[in-house]
Amino acid sequence: MWGVSTSAQQIEGAPREAGRTPSTWDVFAAEAGRIKDGGDPSVACDHYHRYREDVALLAGLGVGAYRFSLSWTRVHPDGRGPVNEPGLDFYDRLVDELCAADVRPVPTLFHWDTPLALEERGGWLVRDTAHRFAAYADAVAERLGDRVDMWITINEPAELTLLGYGLGEHAPGKRLLFDALPAAHHQLLGHGLAVQALRARGAHSIGIANSHGPTWAASDAAADRAAAGLYDLLLNRLFAEPVLLGRYPDQGLADAMPGPVAEDLKIIAEPLDWYGVNYYQPTLVGAPGPAADGGSAYAGITIPAELPFSLKEIEGRPRTAFGWPVVPEGLTELLTAFRDRYGDRLPPVHITENGCSYDGIADQARIDFLDGHLRALHRAMEAGVDVRGYFVWSLLDNFEWAEGYAQRFGLVHVDYATLARTPKDSYHWLRDAIRANSRARG
Ligand code: IFM
(Lines give C-alpha, C1' and ligand atoms only; values in the text may rest on other atoms or scores of the structure.)
Protein backbone atom coordinates (compact mmCIF):
# COMPACT_ATOMS: atom_id res chain seq x y z
CA MET A 1 0.00 0.00 0.00
CA TRP A 2 1.42 3.36 -1.02
CA GLY A 3 0.33 6.41 0.93
CA VAL A 4 1.18 9.83 2.28
CA SER A 5 0.55 11.27 5.75
CA THR A 6 -0.48 14.60 7.24
CA SER A 7 -1.99 15.77 10.53
CA ALA A 8 -4.85 18.13 11.33
CA GLN A 9 -3.00 20.73 13.38
CA GLN A 10 -0.22 20.94 10.83
CA ILE A 11 -2.33 21.61 7.72
CA GLU A 12 -5.96 22.52 8.44
CA GLY A 13 -6.05 26.09 9.77
CA ALA A 14 -9.63 27.33 10.37
CA PRO A 15 -9.24 27.14 14.17
CA ARG A 16 -12.70 28.53 15.05
CA GLU A 17 -14.72 27.18 12.13
CA ALA A 18 -17.94 25.26 12.78
CA GLY A 19 -17.61 25.27 16.56
CA ARG A 20 -13.98 24.15 16.92
CA THR A 21 -12.34 25.25 20.17
CA PRO A 22 -8.60 25.66 20.90
CA SER A 23 -6.23 22.76 21.24
CA THR A 24 -3.12 22.79 23.41
CA TRP A 25 -1.09 23.66 20.31
CA ASP A 26 -3.17 26.75 19.49
CA VAL A 27 -2.45 28.10 22.95
CA PHE A 28 1.19 26.99 23.10
CA ALA A 29 1.97 28.55 19.70
CA ALA A 30 0.46 31.85 20.83
CA GLU A 31 2.98 32.09 23.73
CA ALA A 32 6.00 34.26 22.94
CA GLY A 33 9.17 32.36 22.11
CA ARG A 34 7.62 28.91 21.75
CA ILE A 35 7.73 28.66 17.95
CA LYS A 36 10.65 29.50 15.70
CA ASP A 37 10.04 32.77 13.86
CA GLY A 38 6.79 33.21 15.80
CA GLY A 39 4.81 30.99 13.41
CA ASP A 40 1.42 29.67 14.45
CA PRO A 41 -0.98 27.08 13.02
CA SER A 42 -3.99 29.37 12.59
CA VAL A 43 -3.81 29.26 8.77
CA ALA A 44 -1.21 26.55 8.10
CA CYS A 45 -2.04 25.19 4.60
CA ASP A 46 -5.70 26.17 4.87
CA HIS A 47 -6.49 22.57 4.04
CA TYR A 48 -9.87 22.96 5.75
CA HIS A 49 -10.99 25.12 2.82
CA ARG A 50 -8.75 23.62 0.12
CA TYR A 51 -9.18 19.91 0.81
CA ARG A 52 -10.60 19.28 -2.67
CA GLU A 53 -7.43 20.61 -4.26
CA ASP A 54 -5.38 18.45 -1.89
CA VAL A 55 -7.35 15.30 -2.68
CA ALA A 56 -6.77 16.04 -6.39
CA LEU A 57 -3.03 16.14 -5.60
CA LEU A 58 -3.33 12.74 -3.93
CA ALA A 59 -5.15 11.33 -6.94
CA GLY A 60 -2.48 12.76 -9.27
CA LEU A 61 0.22 11.15 -7.16
CA GLY A 62 -1.49 7.79 -7.52
CA VAL A 63 -1.38 6.80 -3.84
CA GLY A 64 -3.86 4.17 -2.75
CA ALA A 65 -4.18 5.58 0.77
CA TYR A 66 -4.13 8.88 2.65
CA ARG A 67 -3.30 9.09 6.34
CA PHE A 68 -4.71 12.24 7.94
CA SER A 69 -5.75 13.07 11.49
CA LEU A 70 -8.91 14.49 12.98
CA SER A 71 -8.92 17.55 15.18
CA TRP A 72 -10.51 16.28 18.39
CA THR A 73 -11.80 19.75 19.26
CA ARG A 74 -13.83 19.91 16.05
CA VAL A 75 -15.69 16.83 17.23
CA HIS A 76 -15.77 17.39 20.99
CA PRO A 77 -15.15 21.12 21.61
CA ASP A 78 -15.38 20.53 25.37
CA GLY A 79 -13.38 17.35 25.22
CA ARG A 80 -16.53 15.38 25.94
CA GLY A 81 -20.01 14.90 24.52
CA PRO A 82 -22.27 15.97 22.94
CA VAL A 83 -20.78 15.64 19.47
CA ASN A 84 -20.39 18.85 17.48
CA GLU A 85 -21.96 17.58 14.26
CA PRO A 86 -20.87 20.56 12.09
CA GLY A 87 -17.26 19.89 13.10
CA LEU A 88 -17.52 16.24 12.17
CA ASP A 89 -19.13 17.24 8.87
CA PHE A 90 -15.74 18.42 7.61
CA TYR A 91 -14.31 14.89 7.89
CA ASP A 92 -17.46 13.48 6.32
CA ARG A 93 -16.84 15.67 3.27
CA LEU A 94 -13.15 14.82 3.19
CA VAL A 95 -13.84 11.07 3.36
CA ASP A 96 -16.42 11.34 0.58
CA GLU A 97 -13.95 13.23 -1.58
CA LEU A 98 -11.26 10.60 -0.95
CA CYS A 99 -13.59 7.72 -1.74
CA ALA A 100 -14.68 9.43 -4.97
CA ALA A 101 -11.00 9.76 -5.94
CA ASP A 102 -10.42 6.08 -5.08
CA VAL A 103 -7.99 6.94 -2.27
CA ARG A 104 -8.48 4.94 0.91
CA PRO A 105 -9.02 7.20 3.95
CA VAL A 106 -6.80 6.21 6.90
CA PRO A 107 -7.70 8.51 9.81
CA THR A 108 -5.52 8.95 12.87
CA LEU A 109 -7.69 9.85 15.84
CA PHE A 110 -5.06 11.70 17.84
CA HIS A 111 -1.94 13.48 16.59
CA TRP A 112 -0.89 15.61 19.62
CA ASP A 113 -3.62 18.30 19.49
CA THR A 114 -5.32 17.68 22.82
CA PRO A 115 -8.47 19.76 23.43
CA LEU A 116 -7.56 22.64 25.72
CA ALA A 117 -10.64 21.86 27.78
CA LEU A 118 -9.13 18.48 28.67
CA GLU A 119 -5.62 19.82 29.24
CA GLU A 120 -7.07 22.24 31.78
CA ARG A 121 -8.37 19.21 33.67
CA GLY A 122 -4.94 17.51 33.64
CA GLY A 123 -4.57 16.37 30.04
CA TRP A 124 -2.82 13.05 29.55
CA LEU A 125 -1.53 13.13 33.12
CA VAL A 126 -5.00 12.07 34.26
CA ARG A 127 -6.86 8.86 33.56
CA ASP A 128 -10.11 10.52 32.55
CA THR A 129 -8.55 11.74 29.29
CA ALA A 130 -8.13 8.12 28.14
CA HIS A 131 -11.86 7.56 28.64
CA ARG A 132 -12.74 10.83 26.89
CA PHE A 133 -10.58 9.68 23.99
CA ALA A 134 -12.46 6.39 23.72
CA ALA A 135 -15.79 8.24 23.64
CA TYR A 136 -14.46 10.47 20.87
CA ALA A 137 -13.22 7.40 18.92
CA ASP A 138 -16.69 5.91 19.21
CA ALA A 139 -18.35 9.10 17.92
CA VAL A 140 -16.02 9.31 14.93
CA ALA A 141 -16.44 5.62 14.05
CA GLU A 142 -20.21 5.94 14.29
CA ARG A 143 -20.16 8.68 11.65
CA LEU A 144 -17.33 7.57 9.33
CA GLY A 145 -17.28 3.81 9.86
CA ASP A 146 -19.44 3.10 6.81
CA ARG A 147 -16.63 4.39 4.54
CA VAL A 148 -13.48 4.00 6.65
CA ASP A 149 -12.07 0.55 7.26
CA MET A 150 -8.50 1.36 8.34
CA TRP A 151 -7.85 3.31 11.54
CA ILE A 152 -4.92 4.61 13.55
CA THR A 153 -5.57 5.36 17.20
CA ILE A 154 -2.70 7.62 18.28
CA ASN A 155 0.44 9.07 16.77
CA GLU A 156 3.84 9.03 18.46
CA PRO A 157 2.92 8.97 22.14
CA ALA A 158 6.67 8.94 22.81
CA GLU A 159 7.12 12.47 21.45
CA LEU A 160 4.16 13.92 23.30
CA THR A 161 5.43 12.35 26.51
CA LEU A 162 9.06 13.38 26.07
CA LEU A 163 8.78 16.73 24.31
CA GLY A 164 5.37 17.88 25.56
CA TYR A 165 5.31 16.72 29.19
CA GLY A 166 8.98 15.84 29.86
CA LEU A 167 10.95 18.72 28.36
CA GLY A 168 8.34 21.38 27.61
CA GLU A 169 9.54 21.90 24.03
CA HIS A 170 6.10 21.03 22.62
CA ALA A 171 2.58 21.64 23.89
CA PRO A 172 1.47 21.54 26.63
CA GLY A 173 4.90 22.90 27.61
CA LYS A 174 5.40 20.98 30.87
CA ARG A 175 8.90 20.17 32.10
CA LEU A 176 8.27 17.20 34.35
CA LEU A 177 11.21 14.98 33.29
CA PHE A 178 10.47 11.44 34.53
CA ASP A 179 7.27 12.59 36.22
CA ALA A 180 5.89 12.76 32.66
CA LEU A 181 5.60 8.94 32.55
CA PRO A 182 1.88 8.86 33.48
CA ALA A 183 1.22 10.69 30.19
CA ALA A 184 2.66 7.67 28.38
CA HIS A 185 0.47 5.25 30.34
CA HIS A 186 -2.71 7.20 29.79
CA GLN A 187 -2.08 7.57 26.05
CA LEU A 188 -1.49 3.82 25.84
CA LEU A 189 -4.64 3.18 27.84
CA GLY A 190 -6.53 5.57 25.55
CA HIS A 191 -5.19 3.62 22.59
CA GLY A 192 -6.43 0.31 23.99
CA LEU A 193 -9.84 1.71 24.89
CA ALA A 194 -10.12 3.23 21.40
CA VAL A 195 -9.28 -0.13 19.80
CA GLN A 196 -12.18 -1.61 21.76
CA ALA A 197 -14.50 1.23 20.75
CA LEU A 198 -13.58 0.97 17.06
CA ARG A 199 -14.00 -2.82 17.04
CA ALA A 200 -17.39 -2.47 18.70
CA ARG A 201 -18.33 -0.32 15.68
CA GLY A 202 -17.17 -3.06 13.28
CA ALA A 203 -13.67 -1.78 12.39
CA HIS A 204 -11.34 -4.56 11.34
CA SER A 205 -8.05 -2.88 10.37
CA ILE A 206 -6.64 -1.00 13.37
CA GLY A 207 -3.11 0.06 14.21
CA ILE A 208 -1.05 2.57 16.15
CA ALA A 209 1.69 4.89 14.76
CA ASN A 210 4.71 4.68 17.07
CA SER A 211 7.99 6.42 16.37
CA HIS A 212 10.97 4.11 16.58
CA GLY A 213 14.62 4.11 15.68
CA PRO A 214 17.76 2.14 16.45
CA THR A 215 19.66 3.50 19.43
CA TRP A 216 23.41 3.26 19.07
CA ALA A 217 25.89 3.53 21.92
CA ALA A 218 28.44 6.32 21.46
CA SER A 219 31.24 3.88 22.38
CA ASP A 220 31.81 0.41 23.80
CA ALA A 221 32.26 1.85 27.27
CA ALA A 222 29.84 0.32 29.76
CA ALA A 223 28.40 3.73 30.70
CA ASP A 224 27.60 4.58 27.07
CA ARG A 225 26.07 1.16 26.44
CA ALA A 226 23.92 1.47 29.56
CA ALA A 227 22.75 4.94 28.49
CA ALA A 228 21.87 3.67 24.99
CA GLY A 229 19.95 0.78 26.54
CA LEU A 230 17.99 3.21 28.69
CA TYR A 231 17.17 5.39 25.70
CA ASP A 232 16.02 2.31 23.76
CA LEU A 233 13.79 1.50 26.73
CA LEU A 234 12.23 4.97 26.70
CA LEU A 235 11.84 5.51 22.95
CA ASN A 236 11.14 2.01 21.69
CA ARG A 237 10.31 -0.58 24.32
CA LEU A 238 8.13 1.60 26.57
CA PHE A 239 5.69 2.10 23.70
CA ALA A 240 6.02 -1.19 21.81
CA GLU A 241 5.95 -3.74 24.63
CA PRO A 242 2.72 -2.80 26.42
CA VAL A 243 0.97 -2.89 23.04
CA LEU A 244 2.61 -6.03 21.64
CA LEU A 245 3.39 -8.04 24.79
CA GLY A 246 1.00 -6.65 27.39
CA ARG A 247 3.75 -5.63 29.82
CA TYR A 248 6.14 -2.82 30.57
CA PRO A 249 9.73 -3.72 29.73
CA ASP A 250 11.04 -2.90 33.17
CA GLN A 251 9.57 -3.16 36.65
CA GLY A 252 10.76 0.38 37.44
CA LEU A 253 8.65 1.70 34.58
CA ALA A 254 5.61 -0.32 35.59
CA ASP A 255 5.96 1.00 39.16
CA ALA A 256 6.07 4.59 37.85
CA MET A 257 2.67 4.21 36.20
CA PRO A 258 -0.56 5.24 37.93
CA GLY A 259 -3.75 3.25 38.44
CA PRO A 260 -4.45 -0.48 38.17
CA VAL A 261 -1.53 -1.08 35.81
CA ALA A 262 -1.94 -4.85 35.43
CA GLU A 263 -5.61 -4.46 34.49
CA ASP A 264 -4.83 -1.56 32.15
CA LEU A 265 -2.18 -3.60 30.34
CA LYS A 266 -4.82 -6.12 29.29
CA ILE A 267 -6.68 -3.28 27.55
CA ILE A 268 -3.52 -1.76 26.10
CA ALA A 269 -2.61 -5.11 24.55
CA GLU A 270 -5.84 -5.49 22.58
CA PRO A 271 -4.58 -7.36 19.49
CA LEU A 272 -3.81 -5.09 16.55
CA ASP A 273 -4.33 -5.84 12.87
CA TRP A 274 -1.05 -4.14 12.05
CA TYR A 275 1.68 -2.10 13.71
CA GLY A 276 2.64 1.38 12.45
CA VAL A 277 6.25 2.51 12.56
CA ASN A 278 7.34 6.13 12.00
CA TYR A 279 11.04 6.09 11.13
CA TYR A 280 13.33 9.09 10.66
CA GLN A 281 16.79 8.32 12.05
CA PRO A 282 18.82 6.33 14.56
CA THR A 283 20.00 8.02 17.76
CA LEU A 284 23.56 8.00 19.07
CA VAL A 285 23.50 7.93 22.84
CA GLY A 286 26.16 8.37 25.46
CA ALA A 287 26.42 8.61 29.23
CA PRO A 288 25.37 11.99 30.61
CA GLY A 289 28.05 14.66 30.58
CA PRO A 290 28.99 16.71 33.66
CA ALA A 291 26.07 18.79 34.97
CA ALA A 292 28.15 21.91 34.34
CA ASP A 293 27.83 21.23 30.57
CA GLY A 294 24.17 22.14 30.73
CA GLY A 295 23.13 19.04 28.80
CA SER A 296 23.33 18.05 25.13
CA ALA A 297 21.71 19.77 22.19
CA TYR A 298 20.00 17.58 19.64
CA ALA A 299 17.89 18.65 16.65
CA GLY A 300 17.33 21.98 18.32
CA ILE A 301 16.28 20.42 21.63
CA THR A 302 18.33 20.59 24.79
CA ILE A 303 18.50 17.37 26.77
CA PRO A 304 19.06 18.53 30.36
CA ALA A 305 22.16 17.31 32.13
CA GLU A 306 20.09 15.70 34.89
CA LEU A 307 18.76 13.06 32.48
CA PRO A 308 20.77 9.83 32.56
CA PHE A 309 21.85 10.01 28.91
CA SER A 310 23.19 12.50 26.38
CA LEU A 311 22.51 12.58 22.65
CA LYS A 312 25.38 12.89 20.17
CA GLU A 313 25.68 13.90 16.53
CA ILE A 314 26.01 11.00 14.07
CA GLU A 315 28.98 12.06 11.95
CA GLY A 316 29.83 11.29 8.33
CA ARG A 317 26.28 11.22 6.97
CA PRO A 318 24.36 13.56 4.70
CA ARG A 319 21.99 15.75 6.68
CA THR A 320 18.50 17.03 6.02
CA ALA A 321 17.69 20.74 6.37
CA PHE A 322 16.65 19.90 9.95
CA GLY A 323 20.19 18.57 10.55
CA TRP A 324 18.94 15.00 10.90
CA PRO A 325 21.39 12.36 9.63
CA VAL A 326 20.25 10.36 6.62
CA VAL A 327 20.63 6.67 7.56
CA PRO A 328 18.40 4.46 5.39
CA GLU A 329 19.90 1.20 6.67
CA GLY A 330 18.65 2.16 10.13
CA LEU A 331 15.20 1.24 8.84
CA THR A 332 16.34 -2.27 7.89
CA GLU A 333 18.09 -2.60 11.25
CA LEU A 334 15.05 -1.40 13.16
CA LEU A 335 12.57 -3.69 11.43
CA THR A 336 14.69 -6.82 11.57
CA ALA A 337 15.45 -6.11 15.25
CA PHE A 338 11.72 -5.78 15.95
CA ARG A 339 11.04 -9.04 14.14
CA ASP A 340 13.76 -10.76 16.20
CA ARG A 341 12.58 -9.15 19.44
CA TYR A 342 8.86 -9.72 19.12
CA GLY A 343 8.57 -12.71 16.76
CA ASP A 344 4.99 -13.66 16.04
CA ARG A 345 3.72 -11.02 18.48
CA LEU A 346 4.59 -8.41 15.84
CA PRO A 347 1.68 -8.08 13.43
CA PRO A 348 2.21 -6.96 9.81
CA VAL A 349 3.94 -3.59 9.70
CA HIS A 350 3.05 -0.34 7.95
CA ILE A 351 5.62 2.44 7.76
CA THR A 352 3.19 5.16 8.76
CA GLU A 353 5.75 7.98 8.38
CA ASN A 354 9.10 8.43 6.70
CA GLY A 355 10.41 11.58 5.09
CA CYS A 356 12.74 14.54 5.33
CA SER A 357 12.90 18.33 5.28
CA TYR A 358 14.65 20.05 2.39
CA ASP A 359 14.08 23.40 0.72
CA GLY A 360 13.25 23.91 -2.92
CA ILE A 361 11.01 22.46 -5.60
CA ALA A 362 13.95 20.82 -7.37
CA ASP A 363 14.46 18.46 -4.43
CA GLN A 364 16.83 15.75 -5.62
CA ALA A 365 17.95 15.26 -2.01
CA ARG A 366 14.41 14.17 -1.06
CA ILE A 367 14.32 11.78 -4.02
CA ASP A 368 17.62 10.27 -2.85
CA PHE A 369 16.25 10.00 0.68
CA LEU A 370 13.08 8.22 -0.40
CA ASP A 371 14.90 5.98 -2.86
CA GLY A 372 17.38 4.94 -0.16
CA HIS A 373 14.69 4.25 2.41
CA LEU A 374 12.53 2.26 0.01
CA ARG A 375 15.53 0.09 -0.83
CA ALA A 376 16.22 -0.35 2.89
CA LEU A 377 12.58 -1.32 3.41
CA HIS A 378 12.85 -3.82 0.60
CA ARG A 379 15.87 -5.39 2.30
CA ALA A 380 13.85 -5.79 5.50
CA MET A 381 11.11 -7.49 3.49
CA GLU A 382 13.65 -9.81 1.88
CA ALA A 383 14.83 -10.65 5.38
CA GLY A 384 11.31 -11.76 6.20
CA VAL A 385 9.65 -8.73 7.80
CA ASP A 386 5.99 -8.59 6.79
CA VAL A 387 5.63 -4.97 5.55
CA ARG A 388 2.28 -4.00 4.05
CA GLY A 389 2.49 -0.25 3.47
CA TYR A 390 4.69 2.82 3.17
CA PHE A 391 3.40 6.34 3.91
CA VAL A 392 5.59 9.36 3.12
CA TRP A 393 5.64 12.25 5.55
CA SER A 394 4.27 14.51 4.15
CA LEU A 395 1.94 15.46 1.31
CA LEU A 396 2.38 19.20 1.90
CA ASP A 397 4.92 21.52 3.48
CA ASN A 398 3.25 22.33 6.79
CA PHE A 399 3.43 23.63 10.36
CA GLU A 400 6.36 21.69 11.81
CA TRP A 401 5.50 22.22 15.49
CA ALA A 402 8.17 24.18 17.42
CA GLU A 403 10.06 24.72 14.14
CA GLY A 404 7.12 26.67 12.73
CA TYR A 405 7.28 26.80 8.94
CA ALA A 406 11.06 26.54 8.78
CA GLN A 407 11.21 22.83 7.92
CA ARG A 408 9.61 21.72 4.66
CA PHE A 409 8.70 18.03 4.62
CA GLY A 410 6.24 18.15 1.68
CA LEU A 411 6.18 16.41 -1.67
CA VAL A 412 4.19 19.51 -2.58
CA HIS A 413 5.56 23.00 -1.96
CA VAL A 414 3.25 25.47 -0.21
CA ASP A 415 3.75 29.18 -0.70
CA TYR A 416 2.61 30.45 2.69
CA ALA A 417 1.84 33.93 1.33
CA THR A 418 -0.53 32.76 -1.42
CA LEU A 419 -1.17 29.15 -0.27
CA ALA A 420 -0.43 28.02 -3.83
CA ARG A 421 0.55 24.35 -4.07
CA THR A 422 3.35 23.30 -6.44
CA PRO A 423 4.33 19.64 -6.78
CA LYS A 424 8.07 19.18 -6.27
CA ASP A 425 10.35 16.92 -8.30
CA SER A 426 9.97 14.28 -5.58
CA TYR A 427 6.18 14.24 -6.15
CA HIS A 428 6.73 13.32 -9.81
CA TRP A 429 9.43 10.81 -8.90
CA LEU A 430 7.17 9.10 -6.36
CA ARG A 431 4.25 9.06 -8.80
CA ASP A 432 6.46 7.23 -11.32
CA ALA A 433 7.77 4.84 -8.67
CA ILE A 434 4.24 3.97 -7.59
CA ARG A 435 3.17 3.39 -11.20
CA ALA A 436 6.18 1.19 -11.92
CA ASN A 437 5.68 -0.77 -8.73
CA SER A 438 2.00 -1.34 -9.45
CA ARG A 439 2.85 -2.57 -12.97
CA ALA A 440 5.56 -4.85 -11.60
CA ARG A 441 3.01 -6.38 -9.23
CA GLY A 442 0.44 -6.71 -12.00
O1 IFM B 1 5.89 16.56 11.50
C2 IFM B 1 6.17 15.48 12.35
C3 IFM B 1 4.91 14.67 12.58
O4 IFM B 1 3.88 15.44 13.10
C5 IFM B 1 5.20 13.54 13.54
N6 IFM B 1 6.33 12.77 13.13
C7 IFM B 1 7.54 13.48 12.75
C8 IFM B 1 7.21 14.58 11.76
C9 IFM B 1 8.49 15.33 11.35
O10 IFM B 1 9.07 15.91 12.46
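Whatever order the structure lists ligands and atoms in, that order sets their numbers, starting from 1. The structure presented is a predicted model; accordingly, all values stated were derived computationally and were not measured.
Of all protein heavy atoms, the one lying nearest to atom 8 (C) of ligand 1 is Tyr280 OH, 3.5 Å. Scanning all protein heavy atoms for the shortest distance to atom 10 (O) of ligand 1 gives Glu400 OE2, 2.6 Å. Of all protein heavy atoms, the one closest to atom 7 (C) of ligand 1 is Glu353 OE1, 3.3 Å.
Under a 4.0 Å heavy-atom criterion, Glu159 is not in contact with ligand 1. For the pair Trp324 and ligand 1, a heavy-atom separation below 4.0 Å is found.
The contact set between ligand 1 and His111, taken as ligand atoms under 4.0 Å from a residue heavy atom, comprises 3 (C), 4 (O), 5 (C). Every atom of ligand 1 is numbered from 1 in the order shown, and the set under 4.0 Å from a heavy atom of Glu156 is 5 (C), 6 (N), 7 (C).
Of the N or O atoms in Asn155, none lie within a sub-3.5 Å distance of an N or O in ligand 1. Backbone and side-chain nitrogen or oxygen atoms of Trp393 are examined, and one is located within less than 3.5 angstrom of a nitrogen or oxygen of ligand 1.
Within the 6.0 Å centre-distance limit, the rings of Phe90 and Tyr51 are counted as a close aromatic pair. Taking the ring centroids of Trp393 and His111, they lie under the 6.0 Å cut-off.
Using a 3.5 Å distance cut-off with no hydrogens or angles, the side chains of His373 and Tyr279 do not pair a donor with an acceptor. Thr320 and Tyr280 form no side-chain donor-acceptor contact under 3.5 Å, judged by distance and modelled atom types alone. No side-chain donor from either of Glu329 and Thr332 sits under 3.5 Å from a side-chain acceptor of the other. A donor-acceptor contact under 3.5 angstrom links the side chains of Ser205 and Trp274, judged on distance only. Counted by atom type alone, Tyr390 and Asn354 present one or more donor-acceptor pairs between their side chains at under 3.5 Å.
With a 4.0 Å heavy-atom cut-off, ligand 1 is reached by no atom of Gln407.
Considering Gln10, Gln9, Glu403 only, the shortest heavy-atom separation from atom 4 (O) of ligand 1 involves Gln10.
Counting only distance, with no hydrogens or angles, the side chain of His186 and the backbone of Pro182 share a donor-acceptor pair below 3.5 Å.
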